[in-house]
Amino acid sequence: MFKHILVPVDGSPTAQFAVEKTIELAKAFNSHVSTIFVIDPYPFTGVGTDFAYGQAEYLSAATAEANAAVKAAKAAFIEADIPVEASVIESHTAWRGVVQAAESMQVDLIVMGSHGRSGLEKLVLGSVTQAVLSHTKLPVLVVRD
């Protein structure tokens, strides 16, 4: 049923829980898995010109964080003997990167963790999961730890 599953990660415990659930699904359906981390290369657009550090420093730190997250996810899938491909991609928004990756990879299912933000925190930080749900026609399994 689900031959190719996409699991976006961000290094959080919630994303790790999504990896664990994806392992269970992949075993049940004999699925191939792709895991991604989406970096926004221009996170400061529209914020102004006073940054704690510059664009190059941001990209370096974001890339290091992304590589660590996909490496950890990939290791979990390999340990579970599940075929996996891991990549770091760039997109102006995380949700757009997830949706575009899902379409280009022709996945059957997206498994995502949700932090369960509400109120002001959701307004300020947004909800990547909610945006993915709103912009894809693919099945999306949302997990919370």
Side-chain angles (χ1 to χ4, degrees), residues 1-45 51-145:
M1 180 173 210
F2 300 116
K3 294 299 175 195
H4 190 181
I5 302 171
L6 175 66
V7 56
V9 296
D10 62 4
S12 69
T14 304
Q16 182 57 38
F17 188 62
V19 167
E20 293 166 12
K21 290 300 176 187
T22 303
I23 288 170
E24 294 174 23
L25 286 167
K27 285 182 177 181
F29 292 106
N30 195 28
S31 306
H32 170 79
V33 173
S34 292
T35 185
I36 62 169
F37 188 113
V38 181
I39 295 175
D40 181 350
Y42 308 107
F44 304 121
T45 303
F51 307 124
Y53 52 89
Q55 182 72 11
E57 290 84 0
Y58 160 75
L59 282 176
S60 177
T63 300
E65 179 183 357
N67 286 331
V70 295
K71 182 179 178 182
K74 185 175 183 177
F77 290 114
I78 289 171
E79 185 177 321
D81 200 29
I82 295 168
V84 61
E85 292 188 26
S87 57
V88 175
I89 61 173
E90 290 186 2
S91 181
H92 186 59
T93 57
W95 71 263
R96 187 172 282 119
V98 171
V99 170
Q100 290 171 346
E103 291 171 358
S104 69
M105 293 175 182
Q106 299 180 327
V107 302
D108 305 304
L109 175 68
I110 302 169
V111 179
M112 296 184 70
S114 176
H115 297 284
R117 294 183 180 112
S118 61
L120 185 58
E121 186 178 7
K122 182 177 179 182
L123 180 65
V124 172
L125 298 175
S127 171
V128 174
T129 303
Q130 183 61 48
V132 169
L133 286 166
S134 299
H135 291 91
T136 187
K137 294 182 181 183
L138 290 166
V140 180
L141 173 63
V142 179
V143 298
R144 290 185 57 191
D145 60 351

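For reference, positions follow the sequence shown, starting with 1. Here the structure is a predicted model, which means the values were calculated and not measured.
- Put simply, the side chain of Ser60 never gets that close to the backbone of Ala56: no donor and acceptor are under 3.5 Å apart.
- A 4.5 Å side-chain heavy-atom check between Tyr58 and Asp40 finds at least one atom pair inside the cut-off.
- Put simply, the side chain of Ile110 reaches to within 4.5 Å of the side chain of Pro8, judged on heavy atoms.
- For the atom pair NZ (Lys27) and CG (Asp81), the distance works out to 8.5 Å, reported to the nearest 0.5 Å.
- Put simply, OG on Ser31 and CD on Glu24 are 12.5 Å apart, with the number rounded to the nearest 0.5 Å.
- For the pair Val107 and Leu138, the tightest heavy-atom approach, listed with the atom from each and the gap, is O-CD2, 3.4 Å.
- Here CG of Leu25 is found 6.0 Å from CG of Leu141. Values are rounded to the nearest 0.5 Å.
- Judged by distance alone, with hydrogens and angles left aside, the side-chain atoms of Ser104 form a donor-acceptor pair with the main-chain N or O of Ala101 at under 3.5 Å.
- Nearest heavy-atom pair across Ile89 and Gly97 is CD1-O, 3.5 Å.
- Note that CD1 of Ile39 is 4.0 Å distant from OG1 of Thr63, once rounded to the nearest 0.5 Å.
- Aromatic ring orientation, His135 versus Trp95: parallel (interplanar angle below 30°, classes split at 30° and 60°).
- For the pair Ile36 and Met105, the minimum side-chain heavy-atom distance is below 4.5 Å.
- The closest side-chain heavy-atom distance from Met1 to Asp108 is not below 4.5 Å.
- In this structure, the side chains of Gln106 and His4 stay at 4.5 Å or more apart for every pair of heavy atoms.
- In this structure the side chain of Val84 reaches within 4.5 angstrom of the side chain of Thr35, judged on heavy atoms.
- Two residues are said to be in side-chain contact when any heavy atoms from C-beta on lie closer than 4.5 Å; Glu85 and His32 meet this criterion.
- Of all heavy-atom pairs between Pro139 and Phe2, the closest is CG-CE2, 4.4 Å.
- Residue Lys3 qualifies as enclosed at atom NZ: its count of foreign heavy atoms under 6.0 Å is above 12.
- The minimum heavy-atom distance between Ala73 and Val9, with the atom names listed, is CB-CG1, 4.0 Å.
- Ala18 and Met112 get closest at one heavy-atom pair: CB-C, 4.0 Å.
- Residues Ser91 and Gln100 approach most closely at OG-OE1, 4.2 Å, considering heavy atoms.
- In this structure, the side chains of Val7 and Phe77 come closer than 4.5 Å at one or more pairs of heavy atoms.
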